[in-house]
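One structure is given below, encoded as structure tokens.
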Amino acid sequence: MSGTQEGGGIALRNVTHFFETPDGPFQVLDDFTMVAEVGSFLALVGPSGCGKSTVTRLVSGLLTPSSGDILLGGSLVTGPRPNVGMAFQNPVMLEWRDVVGNIILPLEIVARDMPQKARVERARELLELVSLSGFENKRPSELSGGMRQRVSLCRALVHRPDVLILDEPFGALDAFTREELWLVMQSLRKKEQFTCLLITHDLRESVFLSDEVLVMSDRPARLQYQTTIELGTERSLKDLYSVEVTELLAHLRHQIEVAQGRIGSESQIIDS
Amino acid sequence: MNALGRIVVPIVAVLIFLGIWEWIVWVNQWPNYKMASPSDLGPAFWKFKHLFLQYGFDTLWRTVAGLGLSIIFGTVIGMIMGFSRVVREGLYPLLIGFNAIPKATVVPVVALILVGRDDLNTVLIAFLISFFPIVVSVSIGLSTLEPEYRDILRSLGASKMTIFWKIALPKTLPEFFGALKIAVTLAFIGTNLMEIVEPHGKGLGHLFDSGKISANYPLMFAVMIALAFLGIALYYIVVVLEQTFAGWAERG
Ligand SMILES: Nc1ncnc2c1ncn2[C@@H]1O[C@H](COP(=O)(O)OP(=O)(O)O)[C@@H](O)[C@H]1O
Ligand SMILES: [Mg+2]
């Protein structure tokens with residue numbers, strides 16, 4: 001756990017969470033434990049409704065767990081903190097602001113003293129990283145879905161957060177745009193420093209982008225399975241079609257089916 | 001359409017309309033006490049020009065005052081309803097019920113309660129009739145704020161006030177102005193309703209009423225035209241404000 005002691009490592013220790021509902025307490029997480037070392041990229045997959053978004057809301061301090069500890073950079077999370085950046089499936093934009101105005105929004109809250117010029121400079125730098133130079137003064141309504149999502153990533157990173165939380169950010173994009181965004185994500189990771197927690201339901205995405213894939217069980221969710229992705233740091237989309245990756249994907253799919261309760265954990269993958 | 005066309009086309013349309021009106025009155029040989037023709041209106045305006053100015057001003061300021069109250073109270077109530085679900089659910093039936101009451105029945109009641117206070121009761125009717133759309137638009141605008149906005153800002157430690165000023169308020173402006181366009185028309189109707197139903201010697205409604213009593217049909221028609229102009233002017237002031245403050249919502 002030494003890696004989580006400084007910077008932006010993430011640790012959840014024995015986290016259990018209940019939502020209070022009119023029908024009584026509703027348990028979502030059950031003794032959930034996971035660790036993301038500083039600078040690592042974790043993908044969290046699991047059946048829909050199992051509690052993935054709840055994990056992101058706990059990590060960002062929007063929710064307090066019923067029991068257990070959440071640590072960012074070694075210190076206990078007790079509420080929202082400005083060293084977190086978030087992007088969601090729905091890349092909401094302020095339609096009355098241009099692209100730069102949208103990206104610098106977090107700076108207006110966490111870096112009130114930062115001069116406007118420096119903010120805009122920072123936004124330009126990020127826009128270049130996501131290949132959107134020249135779109136600084138476009139309105140959100142002029143952007144395609146993929147472009148909006150790139151802007152949303154810039155906004156999540158503009159204040160140099162230690163932790164980046166991505167909750168199914170590419171889920172609503174078509175397959176080709178999604179792959180483009182994976183490459184964008186890759187180049188962001190090379191230039192910016194953050195620990196990333198990616199929620200996704202696309203196993204190929206999880207394998208292509210992350211260092212570790214974590215599979216959550218169905219609700220109330222525990223950590224069911226965890227695997228390290230050994231593809232190095234220079235990955236290309238072609239790698240996804242190698243024999244090893246194909247086998248890995250089949251294995252992960254099997255784990256998802258176990259999580260969904262469709263098959264028992266002891267059954268074997270049947271080769272077709 | 002280019003800029004010139006946008007001015008010329010409506011003017012031509014109005015001229016055609018006036019021409020047809022004049023022609024119908026002329027063909028049917030209607031006397032003035034049956035139907036005034038556009039050519040009678042000029043003299044009527046000229047003859048009563050001081051009254052038109054004075055009464056027009058009465059109608060105008062009372063409408064604007066009523067609308068101002070609507071904006072203030074409508075926005076405050078709308079904000080409370082937008083942020084609190086309990087208040088929203090509690091107030092909606094009440095507001096809808098109140099809105100359903102035909103305002104012509106409220107006019108004599110208000111006139112009776114505030115007897116003799118002509119300006120106050122006229123402003124009050126303009127307010128009562130026009131605040132509903134504003135409440136609804138503000139409360140819906142605020143309650144439909146995407147949760148992602150709230151999460152992004154709250155996770156950075158933004159206060160509720162910051163979220164309101166930076167996001168909720170500007171995001172609600174298009175709906176607000178949409179409602180304001182309806183409200184300005186309603187407030188105008190409210191003012192005239194009071195002036196005509198309970199005449200008290202003020203406003204264009206009173207001028208209309210005196211035209212009716214003295215069977216001065218050209219005057220009545222002239223008042224109608226003056227009211228139309230005032231209504232159009234008020235409406236377009238709101239349109240200009242909308243384009244200034246919420247022009248971003250227009251899709252190309
Ligand atoms: N605020 C809440 N109150 C009650 N139940 C909630 C709340 N938020 C989420 N849930 C429920 O908790 C479960 C997990 O939700 P979520 O974390 O969003 O799942 P997902 O893995 O699909 O992201 C779902 O069944 C959802 O309906
Ligand atoms: Mg989710």
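So you know, we letter chains A, B, ... as the sequences are listed, proteins then strands, and number each from 1. Excluded from the calculations below are hydrogen atoms, water molecules and symmetry mates; all remaining heavy atoms, backbone and side chain alike, are included.
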### Query
Side chain, backbone, both or neither: which part of Ser155(B) has a heavy atom under 4.5 Å from chain A?
both

### Contact class of Glu148(B) relative to chain A, heavy atoms under 4.5 angstrom
both

For [X], look at atom [atom1] and say whether over 12 heavy atoms of other residues, nucleotides or ligands are found less than 6.0 Å away.
{"X": "Phe45(B)", "atom1": "CZ", "result": "yes"}
{"X": "Phe98(B)", "atom1": "CZ", "result": "yes"}
{"X": "Phe229(B)", "atom1": "CZ", "result": "no"}
{"X": "Gln193(A)", "atom1": "CD", "result": "no"}
{"X": "Phe19(A)", "atom1": "CZ", "result": "yes"}

#### Entry: Shortest non-hydrogen contact between Pro106(A) and Leu156(B), atoms and distance
CB-CD1, 3.5 Å

### Neighbours of chain B found in residues 110-132 of chain A - heavy atoms under 4.5 Å
Val110(A), Arg112(A)

Under 4.5 Å heavy-atom distance to chain B, tell me which part of [X] shows up: side chain, backbone, both or neither.
{"X": "Leu94(A)", "answer": "both"}
{"X": "Leu105(A)", "answer": "side chain"}
{"X": "Arg139(A)", "answer": "side chain"}

### Derivation and outcome, side-chain contact (heavy atoms from CB on, under 4.5 Å), residues Ile152(B) and Arg155(A)
CA-CA 10 Å; Ile152(B) 288 173; Arg155(A) 178 178 58 194; 3.4 Å; yes

#### Entry: Euclidean distance, Ile109(A) CD1 relative to Leu153(B) CG, rounded to 0.5 Å
4.0 Å

### Task
Starting at CG of Asp151(B), measure out to CE of Met86(A) and round the result to the nearest 0.5 Å.
5.0 Å

Could you pull out all donor-acceptor pairs under 3.5 Å where a side-chain atom in residues 166-181 of chain B meets a protein atom, sequence neighbours excluded?
residue	atom	partner	partner atom	Å
Lys166(B)	NZ	Glu108(A)	OE1	2.9
Thr172(B)	OG1	Ala168(B)	O	2.6
Lys181(B)	NZ	Glu242(B)	OE1	3.0

### Task
Would you mind telling me which of Asn90(A), Asp167(A), Val84(A) has the largest number of heavy-atom pairs within less than 4.5 Å of chain B?
Asn90(A)

## Note on the structure
Of the listed Ala156(A), Pro80(A), Gly85(A), the one with the largest count of heavy-atom pairs under 4.5 Å with chain B is Pro80(A)

